[in-house]
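The structure appears below as structure tokens.
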Amino acid sequence: MDTKNCIINQENYSDSSYAGLSQDEVRRLQEMAPELRDALLRLRRNIHSRQQEREQEAETKELNKLLGVKTPHDAVEERNAKNLQAAMAEQARRDREAVKKKFLCQQGLTEAGIPRLFHSATMENIIRRGLPEALEYPRMRICSYLENIEKCCDLGTGLILTGPCGTLKTTFACSIMLEAFAHGIEARFELVMSMLDRLVMLEKSNKDEYCRTMQKLCSVPILVLDDLGAEGHHADFVRSKLEQIIFQRHANGRALIITTNLSPAGLAKLYPGRIMERLRERCLVLEHNCASLRGKNVFSVIA
């Protein structure tokens with residue numbers, strides 16, 4: 001308040017109700033009808049009293065916090081917070097169990113998009129069949145990913161598996177999905193060529209289903225994009241679907257598992273920098289440098 005306006009305090013007026021008011025404010029009050037003036041002054045005293053009470057409560061709460069003293073109100077708030085946390089944890093557990101129940105069966109795996117040949121592609125089965133030495137490093141890094149799959153999923157960390165045909169890229173990708181389901185984490189498998197064709201068709205014929213499908217692809221915790229690059233040079237409006245999925249997943253911290261026959265340099269030639277920057281930021285590249293294993297009975301499902 002303007003200090004030049006001759007602030008009124010208790011020393012200037014016998015009625016402390018005027019404390020803190022300027023001369024103009026006091027004069028306007030005194031010119032009012034007594035009933036109205038008294039009502040306004042009572043309201044002012046009540047407001048001031050409540051402000052003092054709140055300040056005192058805040059000071060007491062801070063002091064109790066420093067001294068480690070819990071008031072009954074603090075105890076109630078703490079109990080409510082614990083109950084809420086427990087309820088959220090229970091709901092998360094139920095959600096995980098629902099994912100396990102839905103997807104850890106033949107029908108569920110098919111619904112998640114995993115080809116039938118890869119329904120048993122767990123890491124245990126892959127290791128049991130034996131791997132060439134050239135794939136030992138990718139296997140080790142993928143095993144580390146599986147051991148930390150919940151954390152990787154929370155961080156949106158993904159993988160890009162590159163290499164020639166028949167070097168277990170799709171097999172490893174499906175093993176990640178199976179491990180995700182075992183942890184109650186939902187995942188989705190998409191062959192890129194088929195996915196783009198389906199999205200273009202849905203956009204023309206069924207807008208609602210198109211929106212639901214895009215929402216699913218952008219939000220599912222783990223998405224496997226199989227054979228990226230095999231779709232070749234699609235028209236811009238088709239390629240934009242893929243860009244939208246990658247952009248949305250990057251922005252929302254959703255994990256991507258990508259398999260491709262192209263090298264990182266080959267991917268950079270096919271896709272614009274805005275895509276490659278996002279993939280490099282979120283995904284570890286694992287190169288599968290070995291000859292094709294198809295027909296060599298290394299594993300019952302080879303990709």
Side-chain angles (χ1 to χ4, degrees), residues 113 115 118 132 134-142 144-145 152 155-177 187-204 210 213-214 216-220 222-294 302-303:
F118 301 96
L135 291 181
E136 190 57 30
Y137 178 74
R139 181 204 66 78
M140 179 184 68
R141 296 308 300 265
I142 293 171
S144 177
Y145 189 93
C152 289
L155 296 175
T157 304
L159 299 172
I160 299 177
L161 311 181
T162 74
C165 297
T167 54
L168 293 177
K169 299 185 301 298
T170 302
T171 302
F172 279 132
C174 290
S175 74
I176 294 173
M177 290 186 65
R188 177 79 195 165
F189 182 100
E190 290 287 350
L191 181 63
V192 174
M193 289 184 290
S194 299
M195 179 188 73
L196 292 176
D197 288 342
R198 187 170 77 256
L199 289 174
V200 172
M201 180 188 68
L202 286 175
E203 189 176 27
K204 294 178 181 178
Y210 168 78
T213 300
M214 283 297 292
K216 184 72 171 180
L217 294 172
C218 292
S219 62
V220 66
I222 296 179
L223 176 65
V224 173
L225 294 179
D226 191 46
D227 217 3
L228 184 68
E231 77 279 6
H233 293 277
H234 269 298
D236 289 343
F237 80 94
V238 177
R239 182 64 60 81
S240 68
K241 312 301 179 190
L242 183 62
E243 291 187 14
Q244 181 180 348
I245 293 169
I246 292 175
F247 288 3
Q248 287 289 334
R249 295 189 66 81
H250 176 271
N252 295 318
R254 295 299 191 177
L256 264 177
I257 308 297
I258 292 173
T259 75
T260 178
N261 294 336
L262 299 176
S263 65
L267 288 173
K269 291 179 181 179
L270 188 58
Y271 299 104
R274 58 182 179 273
I275 287 183
M276 295 307 301
E277 286 182 0
R278 287 167 171 80
L279 293 181
R280 281 192 288 263
E281 181 181 348
R282 293 284 187 180
C283 300
L284 172 68
V285 177
L286 297 178
E287 298 189 46
H288 293 221
N289 295 319
C290 69
S292 175
L293 302 174
R294 285 198 175 95
I302 301 294

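Inter-residue side-chain proximity for Val220 and Arg254 is flagged as unmet; no heavy-atom pair is nearer than 4.5 Å. Here the side chains of Leu217 and Leu223 are in contact, with some heavy-atom distance below 4.5 Å. The shortest side-chain heavy-atom distance between Leu286 and Thr162 does not fall under the 4.5 Å cut-off. Looking at Ile257 and Leu225, their side chains never come closer than 4.5 Å, going by heavy atoms from C-beta outward. Using a 4.5 Å cut-off on side-chain heavy atoms (C-beta onward), Asn261 and Cys165 make contact. You'll find the side chain of Leu159 stays beyond 4.5 Å of the side chain of Ile258, heavy atoms only. Taking the side chain as every heavy atom from C-beta outward, Leu279 and Ile246 approach each other to under 4.5 Å. The shortest side-chain heavy-atom distance between Ile176 and Ile142 falls under the 4.5 Å cut-off.
Atom OG1 of Thr259 sits about 12.0 Å away from atom CG of Leu168, to the nearest 0.5 Å. Separating the NZ atom in Lys269 from the OG atom in Ser263 is a distance of 7.5 Å, to the nearest 0.5 Å. Rounded to the nearest 0.5 angstrom, Leu135 CG and Asn289 CG are separated by 9.0 Å. Atoms CD1 and CG, from Ile275 and Leu267 in turn, are 10.0 Å apart once rounded to the nearest 0.5 Å. Note that CD1 of Ile160 is 8.5 Å distant from OG1 of Thr260, once rounded to the nearest 0.5 Å. Rounded to the nearest 0.5 Å, atoms CG (Leu161) and OG1 (Thr170) are 8.5 Å apart.
With sequence neighbours excluded, no residue forms a side chain to side chain donor-acceptor pair (under 3.5 Å) with Arg280. Under the ring-ring contact (aromatic ring centres under 6.0 Å, His included) criterion, Phe172 pairs with His288, sequence neighbours left out. With sequence neighbours left out, the salt bridge (Lys or Arg N to Asp or Glu O under 4.0 Å) criterion links Arg188 to Glu190. Qualifying salt bridge (Lys or Arg N to Asp or Glu O under 4.0 Å) partners for Arg139, counting only residues two or more places apart in sequence or in other chains: Glu136. Among residues two or more places apart in sequence or in another chain, the side-chain contact (heavy atoms from CB on, under 4.5 Å) test is passed with Ser219 by Gln215.
Of the residues Lys204, Met214, Gln244, the one that meets the side chain to side chain contact (heavy atoms under 4.5 Å, CB included) test with Leu199 is Met214.
Residues Arg141 and Tyr145 bring no donor and acceptor atom of their side chains to less than 3.5 Å of each other.
Shortest non-hydrogen contact noted between Phe189 and Gly113 is CD2-O, 3.2 Å. Taking all atoms of both residues into account, the shortest heavy-atom contact from Cys290 to Pro164 is O-CG, 3.8 Å.
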Let's go through Leu270 and Leu262 carefully: what are the C-alpha distance in whole Å and the side-chain angles of both, what is the deciding distance for side-chain contact (heavy atoms from CB on, under 4.5 Å) to 0.1 Å, and is it a yes or a no? CA-CA 9 Å; Leu270 188 58; Leu262 299 176; 3.9 Å; yes
Chi angles and distances behind the side-chain contact (heavy atoms from CB on, under 4.5 Å) call for Leu228, Val192: CA-CA 6 Å; Leu228 184 68; Val192 174; 4.1 Å; yes
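Evaluation of the salt bridge (charged side-chain N to carboxylate O under 4.0 Å, His left out) test over residues 241-251, restricted to residues two or more places apart or in two chains, returns Glu203-Lys241, Glu243-Arg274.
Counting only distance, with no hydrogens or angles, the side chain of Tyr210 and the backbone of Val200 share no donor-acceptor pair below 3.5 Å.
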